Amino acid sequence: MNKIIPITDLRKTNEISSLCSKEDQPVFVTKNGYSDLVIMSHKVYERLERRVTVESPLLQNKLEIKEQDECMGFIKVAACNFDVAIHNVKKNVSSITSRVKEAYNEGAKIIVFPELSLTSYTSGDMFYQDSLLKQVETGLLELSNNLKEIDAFVVVGAPLRKDGKLFNCGVAIHKGIILGVVPKMFIPNYGEFYEQRYFEKPLLGNSYIDILDKTYPFGTKLLFKNMHYTDEVIGIEICEDLWMNLAPSCFHSLAGATIECNLSASNETLHKEETRRELVKVQASKNNMGYIYSSCSYSESTTDVIYSSHNIIAEPDGIISESKLFESNITYGEIDLDRIKSERIKKNSLDIYTLKDFLVIPFECRLSTPTLTRKYKKLPFIDEDEESSKKTVLKAIEMQGYALARRMKHISCSHAVLGLSGGLDSTIALFGIVKAFDILGLDRKNIHTITMPCFGTSERTKRNAIKLAKHFGVTLKEINIAASVTQHLKDIDHDINDRSVTYENAQARERTQILMDYSNKVNGLVIGTGDLSEIALGWSTYNGDHMSMYSINTSFTKTFIREMTRVLADVHSDIKDVLLDILGTPISPELIPPKEGQISQLTEDLVGPYELHDFFLYHFIYKHMSVKKVFMIAKETFKYDYKVETIKKWLVTFIKRFFNNQFKRSCSPDGPKISEVSLGPRGDLRLPSDGSYLSFLEELE
């Protein structure tokens, strides 16, 4: 905070001289309550004079936005280890230079090194050595000179002196220019990490530091902003800072930082790896930012502890990449700033008022779309390991059950009605209903399952529906609707041989009418079976299978329902054969007569593969990616499964159907959000029914 004195105090020359010598900044003199003069010590004056030599444009207050680069939101970053030479700054400068060039040639635009990487973290009392500290300053300028042609943001660790005190610092360099110096805020004072023996805890705020004959920004409130891509705002914290309950990165994110660089020296113990990993994941998640963690290598001294070279790159959705322990290496990853930006907009987490406390240092780094090394799951709604998947599926059924139980209890209902087709969706719905009845202690006979064969029903699906009903001990009723649908088509003058949408939808609406009327008869609740994939595509008959009284599959995609069926087959060994047969049955609405006893109408032939549509749904709706970006990552993810033109065809289909069928979602029945994604009109998705898809598809041209 600036020191202010009234003009009448100027008579006190000795006191004024002492004050100016004590203050590390100008002293403001007021007259009649207004600023009138500025006085300062000779030392401060000299430093201010030298500032004109500082190469960073910050000191001219130039935050001039440049032409914005197209990089699809991705920035390739690198966390680097190397075989550190203890006390040997010159060798470390050479090693760092080599690593930077290697990472830069691989496309990295942010390159982070470990804590105190210029000297080694384990230099001990050599931090007191004037010669070593002079070598650090010389080494920093040598390193900067080595990196003049490197258009990347580089952060290295160094012990630096300021005003007779030593600080553990992160130094930011771009194209041979030292942009600024950030000191470590939290200095450990325990065990083998007794850093307070050497390093000072900095004051909050910013000032300047002299390195040889130049002056640079120094402080705990520095951020670095790329003027060629203004969403790239970088903060720096050091090792222990991360482990604190209010880490500097928390405040950096509130002030607009989208990426945090952590220079670390974290020793390894038997169980520390997972703790370290979780800390980075949580910090990236709660702050909605990319996080680059670089910890020093096993080449540090092992006098008392051992270090493991652990590098971690994370973003809000989890870890993108990390290194193997005990290997000096470079870990790469592409941080998705579009994802971070959209999540912040959604959560409204940016506190622009904190910006007044931060000094934003500009740099100009050109970006382009990197070659992706990060992998995207083909099936983003499904856990990759067996045990996690089983746990998720059983929890999903339990949540279905409790949601339905709550609704039935509220309306004093003890009966449920379900159209049981023998397909995937109605099978999973039945599991949820059974769970609800068991929770409420109701007789399963009060679950009324109705199978309604018609023109397209196959013996296979009908047989499986009957087996399921018998297994669970629910009431089963068969109502053949062929005659009533035939009569209805005759009533509206529709030729029975014209198998257009009228022919198909008449069957769907007849089934819904039966379910609704039967529910009145038994005073029951009609349970919907439509899944999230069908809801997204509008693959339902309006006021047919589109309608129910409570829809419990509404948050499950088709790919997840397949996985649920597979897992439940393992859990319920007594009906495993039935469930596996249901899983192996082609997905079909069964509205067209079978051919030679086989299902002839295949849904995925008509609307496209559900694995693609669920991938599009996850990234376009949940992750808010642009259509162009979804196409980019889909091409990479499914490059061995589909041709590029096939992926594009079904992406266009998805976008068109998604926007054109919002009117169906606008009046959809209640249903619980169970997975992270929901298209419920009263909560997660607010869209007009007349929205156009044209501008989105233009991105693919």
Side-chain angles (χ1 to χ4, degrees), residues 73-81 103 108-115 117 152-157 170 172 182 184-186 220 222-226 229 231-266 272-296 308-323 329-344 347 349-350 358 370 373-375 623:
F74 290 114
I75 295 182
K76 187 163 188 173
V77 304
C80 297
N81 298 127
K109 289 294 185 175
I110 302 176
I111 304 169
V112 184
F113 286 87
E115 185 175 5
S117 42
F153 184 89
V154 180
V155 191
V156 298
V182 178
K184 185 174 183 176
M185 286 186 62
F186 296 97
T220 61
L222 299 182
L223 295 178
F224 305 88
K225 186 171 188 173
N226 185 358
Y229 195 75
D231 289 330
E232 180 188 351
V233 182
I234 303 170
I236 297 172
E237 63 185 7
I238 301 174
C239 195
E240 198 77 13
D241 292 345
L242 170 64
W243 298 70
M244 294 298 105
N245 51 357
L246 276 177
S249 49
C250 297
F251 299 99
H252 296 166
S253 68
L254 288 172
T258 52
I259 295 176
E260 190 76 12
C261 302
N262 187 306
L263 299 76
S264 184
S266 181
K272 195 173 183 181
E273 176 187 357
E274 186 57 36
T275 301
R276 187 187 302 118
R277 185 181 292 116
E278 289 301 314
L279 272 173
V280 171
K281 284 171 61 178
V282 168
Q283 201 68 0
S285 177
K286 74 176 183 179
N287 289 323
N288 280 314
M289 66 194 325
Y291 203 97
I292 310 164
Y293 181 93
S294 177
S295 189
C296 60
S308 62
S309 316
H310 199 184
N311 296 334
I312 307 171
I313 299 172
E315 60 181 30
D317 295 314
I319 291 175
I320 298 171
S321 59
E322 65 178 310
S323 64
N329 52 29
I330 303 177
T331 304
Y332 297 101
E334 297 84 37
I335 292 175
D336 187 351
L337 288 186
D338 282 350
R339 165 69 179 141
I340 290 166
K341 182 172 59 178
S342 67
E343 194 67 15
R344 287 188 175 188
K347 293 184 177 179
S349 60
L350 180 63
F358 279 83
T373 59
R374 61 184 292 172
K375 304 299 180 185
K623 298 301 184 184

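What you see is a predicted model; the values in this text were computed from it and never measured.
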**Student:** Under 3.5 Å, is there a donor-acceptor pair linking the side chains of N262 and D241?
**Tutor:**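 Result is no, nothing qualifies.
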**Student:** Using the salt bridge (charged side-chain N to carboxylate O under 4.0 Å, His left out) rule, collect all pairs that involve residues 282-291, keeping only residues at least two apart or in two chains.
**Tutor:**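 Not a single pair qualifies under salt bridge (charged side-chain N to carboxylate O under 4.0 Å, His left out).
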**Student:** Just by distance, with hydrogens left out, do E334 and T373 show a side-chain donor and acceptor under 3.5 Å apart?
**Tutor:** yes
**Student:** Could R277 and E322 be called an ion pair, given the rule that one side-chain N must be under 4.0 Å from one carboxylate O?
**Tutor:**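 Salt bridge between R277 and E322, a charged N being under 4.0 Å from a carboxylate O: yes.
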**Student:** Checking K184 against E115 for the salt bridge (Lys or Arg N to Asp or Glu O under 4.0 Å) test, could you report, in this order, the C-alpha distance in whole Å, the side-chain angles of both residues, the deciding distance, and whether it holds?
**Tutor:** CA-CA 10 Å; K184 185 174 183 176; E115 185 175 5; 2.8 Å; yes
**Student:** Take D317 and K623 through the test salt bridge (Lys or Arg N to Asp or Glu O under 4.0 Å) and record every step on the way to the result.
**Tutor:** CA-CA 10 Å; D317 295 314; K623 298 301 184 184; 2.6 Å; yes
**Student:** Does Y332 offer a backbone N or O that forms a donor-acceptor pair with the side chain of R374 under 3.5 Å?
**Tutor:** no
**Student:** Answer whether the closest heavy-atom distance between the side chains of N226 and F153 falls below 4.5 Å.
**Tutor:** no
**Student:** Are a donor atom and an acceptor atom from the side chains of E237 and H252 found within less than 3.5 Å of each other?
**Tutor:** no
**Student:** A side-chain contact here means heavy atoms from C-beta on lying under 4.5 Å apart; do V280 and L242 qualify?
**Tutor:**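 They are in contact (side-chain heavy atoms under 4.5 Å apart), so the answer is yes.
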**Student:** Is there a side chain to side chain contact (heavy atoms under 4.5 Å, CB included) between L263 and S294? Walk through the geometry before answering.
**Tutor:** CA-CA 5 Å; L263 299 76; S294 177; over 6 Å; no
**Student:** Using 4.0 Å as the upper bound for N to carboxylate O, is an ion pair formed by E273 and R276?
**Tutor:**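 Looking at R276 and E273, the cut-off is not met.
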